Each structure stands twice: as C-alpha cells, then as structure tokens.
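Some notes on the structure that comes next.
Chain letters run A, B, ... following the sequence lines, proteins first, then strands; residues in each count from 1. For clarity, every value in this text was computed on a predicted model and none was experimentally measured.
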There are 2 protein chains.
Amino acid sequence: MNKTLQQIKYSQETEDLARFSKALGHPTRLIILKYLSNQSCCYTGDLVDILPLAQSTISQHLKELKEAGLIDGEVNPPRIRYCINQKNWKKSKKLFQTLFQEDFNFFSVVKL
Amino acid sequence: MNKTLQQIKYSQETEDLARFSKALGHPTRLIILKYLSNQSCCYTGDLVDILPLAQSTISQHLKELKEAGLIDGEVNPPRIRYCINQKNWKKSKKLFQTLFQEDFNFFSVVKL
DNA sequence: ATAGTTAATCGTAAATATACGATAAATAAT
DNA sequence: ATTATTTATCGTATATTTACGATTAACTAT
C-alpha cells in the first residue's frame, strides 16, 4: 500500500537548507563562492578569466547562486558587480551548524 | 572568444564538498539525515512510515545518500539497517566549516 | 552615429533527478 | 512448501540541470 503525494510541506528551515545545499552542490559554484568570499566582490568577466567555461555557463551559475539568495548582483553598467549576500550567507552557515550539531532534538528542528 | 572544455579538474576538497552538498540538496534527504542522526540507525520502513512518499522513492533517496558516502546500509535480512557514516559525516562537517570560515586563503583551498 | 565591451538571455542538446507503480530477491513465519 | 515481509531495482514519465553558441540589451568610448 504505497502512498502517493506530489507535494510535501517541509519546514522553512528544511526548505532553506535544501536550497542552499543545492546551490553549493556544484564545484564551479563552490569556486565562485570561495572566490567571492575572498575578493568580497567581482564581475562576471573575472570569473570568465579564471574558469575554463563559456561565459554563458558562468552567467547561468551566477543566476542560480543569486536565486538561492547566496549572492547579489549590483548593476554597474555595462558590468554587474557580484557580492556575497552576507545576510543569507550567515543564515546558511547557521543552518549547516545546526545540521551538524552533535546533539539536537529531531522534533524541535524537523517539522514535516 | 569563448572557451570550450567539458571536463574540469577540481581539487578533491571541492569535489567532496560539492558531492556532499548535492546530497543535502533535497528536503527529503535532510529529513532522513536528521532522523538518522537522532536515532543513530533505522530501517527503510521507518522512513516509509514517516514520509508521505512511495517506498521506491525513499529507497532512491537512500541510495543517493549512500553513494555520496553520508550513510551506510548494513544488510540485516530481510531488512537493511541504515546509519550515518560517521567518518564522512565529520568530514563534510569540516568542509562546511572551512567554507564558512570568516577568513581563509582562497588559493590555499581552491585549486582548479 | 558607430563601434566596442560586458553580461544576460535564448535556443538547444544531453545528462541527471524525482517521482511513481510493478516486480524481484531474500528471508522469516506458518 | 507456501505465504508474508521488507526493500532494492526496473521501467517510465516528467522536470531540472548543465553545457554550449548565438543573440540581444545596455552602456562606453570614439
């Protein structure tokens, strides 16, 4: 007797952590984030110089990081200046810390 | 003048962190891991009872967590006992800590 | 006005992920 | 031996991801 349900309602924390994790789930995006957190900010072109990937591909990765909330893009024509979104970066740091805490109460954190 | 290269060689750390992140990048898998880290171990059936998903879907998620190295499955017929792989769990914890460190040297961590 | 620069977006192809039901395998219980 | 239990795997459909080149948009510089 299998259950069928397309949509599950997860807690906000679980959704957030999954979204952040997913964004971190590609080596190229990790490189971008590490670069950003070191340089504080950069332009798309800086990354195009560093990474052996097409400009459009890098732009796509930046879009995903932006949509996950991990970076911001400030228009500075004709370029766009990308920075880490400090608020969400800290938020994701906290969520990961909670996940890896030695002891936590499952039911206080996990709500389906 | 766009670059074209299908395969990029990332550092082992970057690959590992991306693999762990990707595995964490789905709410259902987060729930499973949180449950496991609380219960220490469980069977597939326990998760089928908790999660409103088909048994085959849960089995698939367990497979992904296993392939990422985050859990182990010990055959205990006809059931399979799943536990967190403590070694890799700690490893991923460390990798995330490094990622979120306030200050680190980009070039000491990131090697393309 | 024209040309150059920067970076997003579009169109597309291939691969991967997510979900399901059905089936199979392996064992335990009757 | 037969039946029940547990869980992986198969087949499949749909959605998403990842990559590319080409194009477009927005601005700068000449």
Side-chain angles (χ1 to χ4, degrees), chain A residues 1-10 14-15 18-32 36 41-68 70-83, chain B residues 1-10 14-15 18-32 36 41-68 70-83:
Chain A
M1 215 199 324
N2 278 326
K3 287 168 258 173
T4 296
L5 195 72
Q6 286 85 320
Q7 217 171 355
I8 310 176
K9 181 67 193 152
Y10 297 98
T14 301
E15 294 273 13
R19 198 181 65 252
F20 290 140
S21 297
K22 200 177 177 186
L24 297 174
H26 194 287
T28 297
R29 291 196 289 271
L30 287 176
I31 301 285
I32 292 172
L36 272 181
C41 282
C42 79
Y43 299 103
T44 308
D46 301 336
L47 297 165
V48 175
D49 292 340
I50 291 171
L51 298 164
L53 290 166
Q55 178 264 317
S56 58
T57 303
I58 292 166
S59 213
Q60 220 172 329
H61 281 303
L62 287 168
K63 192 185 177 187
E64 287 201 51
L65 288 172
K66 206 167 108 185
E67 280 173 359
L70 290 175
I71 65 173
D72 289 319
E74 184 203 326
V75 183
N76 200 344
R79 299 192 286 177
I80 293 174
R81 192 181 179 74
Y82 283 104
C83 305
Chain B
M1 215 198 322
N2 278 326
K3 286 168 258 173
T4 297
L5 194 73
Q6 287 83 318
Q7 217 170 356
I8 310 176
K9 181 66 191 153
Y10 298 97
T14 302
E15 294 273 13
R19 197 181 66 253
F20 290 139
S21 297
K22 199 177 178 185
L24 298 174
H26 194 286
T28 297
R29 290 195 289 270
L30 287 176
I31 301 284
I32 292 173
L36 271 181
C41 282
C42 79
Y43 299 103
T44 308
D46 300 337
L47 296 165
V48 175
D49 291 340
I50 292 172
L51 297 164
L53 290 166
Q55 177 265 318
S56 58
T57 303
I58 291 166
S59 211
Q60 221 173 328
H61 282 302
L62 287 168
K63 193 185 177 187
E64 287 202 51
L65 288 172
K66 206 166 109 185
E67 280 173 357
L70 290 175
I71 65 172
D72 289 318
E74 185 203 326
V75 181
N76 200 345
R79 299 191 286 178
I80 293 173
R81 191 181 180 76
Y82 283 105
C83 305

Return the value, rounded to whole Å, for the distance between atom [atom1] of [X] and atom [atom2] of [N].
X: B:I71; N: D:dA8; atom1: CD1; atom2: C1'; answer: 13 Å
X: B:D49; N: D:dT7; atom1: CG; atom2: P; answer: 10 Å
X: B:L51; N: D:dT7; atom1: CG; atom2: C1'; answer: 15 Å
X: B:K22; N: C:dT16; atom1: NZ; atom2: P; answer: 8 Å
X: B:E64; N: D:dT17; atom1: CD; atom2: P; answer: 13 Å
X: A:R19; N: D:dT16; atom1: CZ; atom2: C1'; answer: 17 Å
X: A:H61; N: D:dT17; atom1: NE2; atom2: P; answer: 12 Å
X: A:N76; N: D:dT28; atom1: CG; atom2: C1'; answer: 13 Å

Kindly indicate whether the side chain of [X], heavy atoms from C-beta on, has any atom under 4.5 Å from the side chain of [Y].
X: A:C42; Y: A:L36; value: yes
X: B:Y82; Y: B:I32; value: no
X: B:L70; Y: B:L24; value: yes

Sugar-phosphate atoms are those with a prime plus P, OP1 and OP2; base atoms are the rest. Using that split, label each nucleotide of nucleotides 7-15 of chain C B, S or - for protein heavy atoms under 4.0 Å, 5' to 3'. BBB------

Go through the structure and list residues passing side-chain contact (heavy atoms from CB on, under 4.5 Å) with B:D72, not counting sequence neighbours.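 With sequence neighbours excluded, B:D72 shows a side-chain contact (heavy atoms from CB on, under 4.5 Å) to B:N85, given in chain and number order.
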
Please name all residues satisfying salt bridge (charged side-chain N to carboxylate O under 4.0 Å, His left out) with B:R79, sequence neighbours left out, ordered by chain then number.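 B:R79 satisfies salt bridge (charged side-chain N to carboxylate O under 4.0 Å, His left out) with no residue once adjacent residues are dropped.
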
Indicate every side-chain donor-acceptor pair of residues 60-68 of chain A with a distance under 3.5 Å to a residue at least two apart or in another chain.
residue : atom : partner : partner atom : Å
A:H61   : ND1  : A:R29   : NH1          : 2.9

